[in-house]
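Written out below as structure tokens is the structure these notes cover.
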Amino acid sequence: MDTLSKPTIAAFHSFVPRLVRITLFVLFALIFQFSNTVYLNLTGTLTGASQMLKEDLTFFFQMTMAGLCLVFPMLFRFKLRFTSRQIITTSALIVAGMMAIAMYSDSIILLATASFILGAAKMVGTFETLVSIQLIITPKKDYGVFFSVALGLVLLSGQVSGIWAVQLNYDYDWRAIYRILLAAHAVMILLAQLVLHDVRVAKKLPLYGIDWLGALLWSLLFTCITYIFSYGQIMDWFWAKQIRVAVFLSLLFAVITLFWMFRAGRPYIHPEVFKIKSVNTAIFMILLMQPFLSASVSVMGPFTMGVLQLDDLNNAALNWYIALGILTGSLFSYGWFRWYNGPFKLFFVIAFSSLSLHYILLYFSIGSLADSSVIALPYFLRGFGNILLFTGTGKYITRDAGPAIFTQVLCYLAMARNAVGSLIVASLLGYGQYTSTMDFHTKLAGNTGTYSPEVAAFYSAAYNKAILGGSNTTDSAILAAKGLYGKVNQQAVLLAGREIFGTMAIVGLSIILLLLFWHFSADITRKIPSWKDIRSVTR
């Protein structure tokens with residue numbers, strides 16, 4: 001029998017050892033987090049197999065993020081209404097069903113809907129497993145310690161699942177990861193029936209008083225915004241009728257949503273959430289961070305694939321450096337909040353210093369990268385700074401956010417971190433990088449006349465190489481011209497990337513100076529409340 005000095009998980013039958021209980025719930029959380037309708041690392045394969053656009057896949061992925069975010073306000077309600085056994089079983093069934101749809105459907109509407117539902121279900125399942133072991137992670141009920149572990153698992157899952165998807169595609173086919181995860185969900189459902197029993201953490205709270213209309217309005221608003229910034233660039237923004245209609249609908253739903261939020265007796269997201277100082281400071285930190293994460297992704301993808309000529313497998317393997325940074329940052333955050341618990345200002349300065357150094361190193365090395373190993377340290381720093389900012393902001397919002405609106409605050413934070421915030425910034429930066437690359441391409445193309453010794457030498461070498469390879473004069477001239485064009489394009493990508501990295505490095509240093517003068521409220525160690533306390537204040 002488990003002793004009182006060692007918190008355990010009451011949802012398990014008594015015959016299950018404590019270590020097995022912990023291991024199973026961590027594995028369950030990983031299975032949920034590994035599950036998606038699309039894996040963006042497989043974009044090249046999926047676009048070829050399904051004849052869909054890259055933007056379609058981005059839209060599906062962002063719809064998953066929208067579903068994940070918008071279910072937050074209902075997490076406590078589900079926890080207080082259903083048992084762990086019921087939640088895990090139902091969530092696994094839903095996620096597995098949506099993944100099965102993703103394997104065989106090519107309907108944009110169906111896949112977008114499935115992605116949204118999957119995001120919500122995987123969040124419910126992940127929340128259930130991780131909060132069930134929160135007292136094991138932090139017996140002192142410290143939010144900072146809990147977020148260091150929980151968010152570390154979530155971010156690591158995102159990196160490792162992408163790497164794994166590419167490896168399985170290389171060894172088998174793109175559906176391999178879907179089949180394996182479907183089997184994993186089946187095993188999880190079976191185990192939930194065998195080792196869990198229906199025990200409640202608090203008195204049952206029926207699902208009454210939930211603002212379902214508010215949830216629908218927020219979902220429609222997010223869908224419209226996601227559509228605009230997923231397809232804006234390829235449709236040339238406001239020149240496309242679809243984008244203009246989506247903008248009109250997003251404005252309409254925004255007005256209706258705000259009207260209903262102030263009119264409803266129990267709004268899905270309470271207006272008070274947007275007035276809390278510590279929460280808005282945390283949102284500000286997240287919004288400052290988004291360009292740092294998005295700029296690297298939008299530039300490094302074309303660079304590693306187009307300039308370094310890495311295939312999908314080797315390109316995905318670079319994410320191990322990010323994963324190592326996340327793991328190290330998670331351990332650093334855990335130690336910081338458990339033993340030191342120092343000022344937030346210093347914590348955030350360390351995080352932004354890591355992200356700024358990431359761009360400084362890329363700026364000075366991007367033009368002379370001989371191989372991908374030079375990317376290791378910048379990628380590590382990106383992962384390290386990423387997890388620090390997530391855990392830091394997660395802990396900071398708990399200063400003024402009580403249990404009554406805590407999940408709504410997390411929804412607000414997730415909007416900026418996972419859904420709208422990251423999507424908008426990534427879309428705008430991607431468009432900026434595209435226009436910058438085209439500008440450099442035009443300038444370089446104007447200087448490729450035969451009067452340039454460098455151009456003449458390159459063309460002559462390519463031409464002679466083709467002749468020696470057995471091509472005739474016409475084919476050799478075509479091959480030399482193509483090689484010259486490829487070189488121009490490569491240099492344009494390098495110059496555009498260098499420009500963006502330099503800009504982000506300067507912005508990062510400016511943010512660090514801003515943080516040194518920014519006033520952060522003193523830490524108030526708010527302990528994770530009991531489920532009975534949460535029930536007493538849950539709407």
Side-chain angles (χ1 to χ4, degrees), residues 59-60 62-82 86-87 90-91 94-95 97-98 109-125 127-128 204-230 245-276 279 283 401-421 423-424 534-539:
F59 180 53
F60 301 150
Q62 290 300 146
M63 286 299 291
T64 300
M65 293 296 103
L68 185 150
C69 296
L70 289 173
V71 79
F72 266 106
M74 289 193 283
L75 292 178
F76 281 167
R77 297 301 302 268
F78 289 150
K79 178 66 176 176
L80 295 171
R81 169 59 180 84
F82 304 105
Q86 293 169 335
I87 292 174
T90 305
S91 298
I94 294 173
V95 172
M98 298 306 104
I109 296 176
L110 181 59
L111 286 172
T113 304
S115 298
F116 185 90
I117 295 172
L118 181 142
K122 73 183 274 188
M123 186 67 249
V124 173
F127 179 82
E128 176 59 36
K204 181 179 177 180
L205 181 65
L207 294 177
Y208 67 86
I210 295 177
D211 181 18
W212 296 108
L213 177 58
L216 175 62
L217 289 172
W218 279 105
S219 300
L220 292 173
L221 174 60
F222 268 54
T223 300
C224 291
I225 295 174
T226 301
Y227 181 88
I228 292 168
F229 288 95
S230 294
V245 171
V247 170
F248 170 77
L249 290 176
S250 64
L251 293 175
L252 177 64
F253 287 131
V255 171
I256 298 174
T257 301
L258 290 174
F259 171 78
W260 182 252
M261 183 173 66
F262 285 99
R263 185 183 184 279
R266 295 177 177 177
Y268 193 70
I269 300 179
H270 200 281
E272 189 65 27
V273 168
F274 303 98
K275 302 177 184 178
I276 303 174
V279 174
I283 294 295
I405 59 171
F406 182 64
T407 52
Q408 297 182 29
V409 169
L410 289 179
C411 178
Y412 180 29
L413 194 66
M415 289 180 193
R417 187 179 63 200
N418 298 105
V420 176
L423 172 64
I424 294 175
I534 292 175
R535 188 190 185 283
S536 66
V537 297
T538 299
R539 294 178 179 273

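Predicted, not measured: the structure shown is a model, and the values here were computed from it. When reading the values below, keep in mind they use all heavy atoms of this one structure, side chains included, and skip hydrogens, waters and symmetry mates.
Across Lys122 and Val95, no two heavy atoms sit closer than the pair N-CG2, 3.7 Å. Contact between Phe127 and Leu75 at its shortest, heavy atoms only, is CD1-CD1, 3.6 Å. Here the closest non-hydrogen pair linking Cys224 and Leu249 is SG-CB, 3.7 Å. Of all heavy-atom pairs spanning Leu221 and Ser250, the tightest one is CD1-O, 3.2 Å. The two residues Ala112 and Met63 come nearest to each other via the heavy atoms O-CB, 3.8 Å.
Using cut-offs of 30° and 60° for the angle between ring planes, the Phe222 and Trp218 rings count as perpendicular.
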Problem set entry | Evaluation steps, side chain to side chain contact (heavy atoms under 4.5 Å, CB included), between Val124 and Ile87 | CA-CA 7 Å; Val124 173; Ile87 292 174; 3.6 Å; yes

Exercise. Side chain to side chain contact (heavy atoms under 4.5 Å, CB included) between Phe78 and Val71: does it pass, once the steps are laid out?
Worked result: CA-CA 10 Å; Phe78 289 150; Val71 79; 4.2 Å; yes

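Distance CZ/Phe116 to CD/Gln62: 13.0 Å, rounded to 0.5 Å. The line from OG of Ser115 to CG of Leu110 is 9.0 Å long, rounded to the nearest 0.5 Å. Here the CG-CZ distance, from Leu258 to Phe253, works out to 13.5 Å after rounding to the nearest 0.5 Å. Atom CG of residue Leu111 and atom CZ of residue Phe59 lie 10.5 Å apart, to the nearest 0.5 angstrom. For the atom pair CD1 (Ile269) and CG (Leu217), the distance works out to 11.0 Å, reported to the nearest 0.5 Å. In this structure, Met123 CE and Met65 CE are separated by 10.0 Å, a value rounded to the nearest 0.5 Å.
Checking side-chain atoms of Asp211 against main-chain N and O of Tyr268 turns up a donor-acceptor pair under 3.5 Å. The backbone N or O of Pro73 lies less than 3.5 Å from no partner atom in the side chain of Gln408, so there is not a single donor-acceptor pair.
Geometric assessment of Arg77 against the ring of Tyr208 yields a positive cation-pi assignment under the 6.0 Å and 45° thresholds.
Surrounding CZ of Phe259 are at most 12 heavy atoms belonging to other residues, nucleotides or ligands under 6.0 Å away.
Taking the side chain as every heavy atom from C-beta outward, Ile94 and Leu118 never approach each other to under 4.5 Å.
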